[in-house]
Amino acid sequence: LSGVANAVLILGPTLPHPGCDYVGVLLLKVALALAMTGLALVNRYRWIPRIRRDPVQALHAIRRNTCRELALGAAVLIIVGGLGLMSPS
């Protein structure tokens, strides 16, 4: 919600032209953040309950997904840094 509020404050109530580089990069950031959330949900609701039944497989999957989340988080931070240097118009 804070990201939406920030986008409205920066861009105004209407987004610039969809072909604008800023909008494309902003949408990429949103997609990566959603992917991070998806991985976190998979870890929480698929793998955490399986730790008692198959700890080796579950912990391996959690570790793998956590590394992916960290990589996506780093990409989001790089993109946010780039967005700060771009003109939204």
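Both backbone and side-chain heavy atoms feed into the values below; hydrogens, waters and symmetry mates do not. Quick caveat: nothing in here was measured; it's all calculated off a predicted structure.
Met36 and Ile78 are not part of a single hydrophobic cluster, where members link through side-chain heavy atoms under 4.5 Å apart. Note on Leu83: it does not cluster hydrophobically with Leu77, by side-chain heavy-atom contacts below 4.5 Å among ILVMFWY residues.
Across every non-hydrogen atom of Leu72 and Ala35, the tightest pair is CD1-CB, 3.9 Å.
The CZ atom of Arg64 lies 9.0 Å from the CG atom of Leu39; values are rounded to the nearest 0.5 Å. Of the inter-residue distances, the one linking Ile79 atom CD1 with Leu28 atom CG reads 4.0 Å to the nearest 0.5 angstrom. With rounding to the nearest 0.5 angstrom, the CD atom of Glu69 is 12.5 Å from the CG atom of Leu32.
Residues Trp47, Ile48, Ile51, Leu59, Ile62 make up the rest of the hydrophobic cluster containing Val42, defined by ILVMFWY side-chain heavy atoms closer than 4.5 Å, directly or through other members. Taking Ile, Leu, Val, Met, Phe, Trp and Tyr as members and joining any whose side-chain heavy atoms lie under 4.5 Å apart, directly or through other members, Leu9 forms no hydrophobic cluster with any other residue. Grouping Ile, Leu, Val, Met, Phe, Trp and Tyr residues whose side-chain heavy atoms lie under 4.5 Å apart, directly or via other members, places Tyr45 in a hydrophobic cluster with Leu41.
For the side chain to side chain donor-acceptor pair (under 3.5 Å) condition, the pairs that include at least one residue of residues 76-87, sequence neighbours left out, are Ser87-Ser89. Sequence neighbours left out, not one pair with a member in residues 24-40 passes side chain to side chain donor-acceptor pair (under 3.5 Å).
Listed by chain and number, the residues in a side-chain hydrogen bond (donor to acceptor under 3.5 Å, both in side chains) with Asn65 are Asn43 (sequence neighbours excluded).
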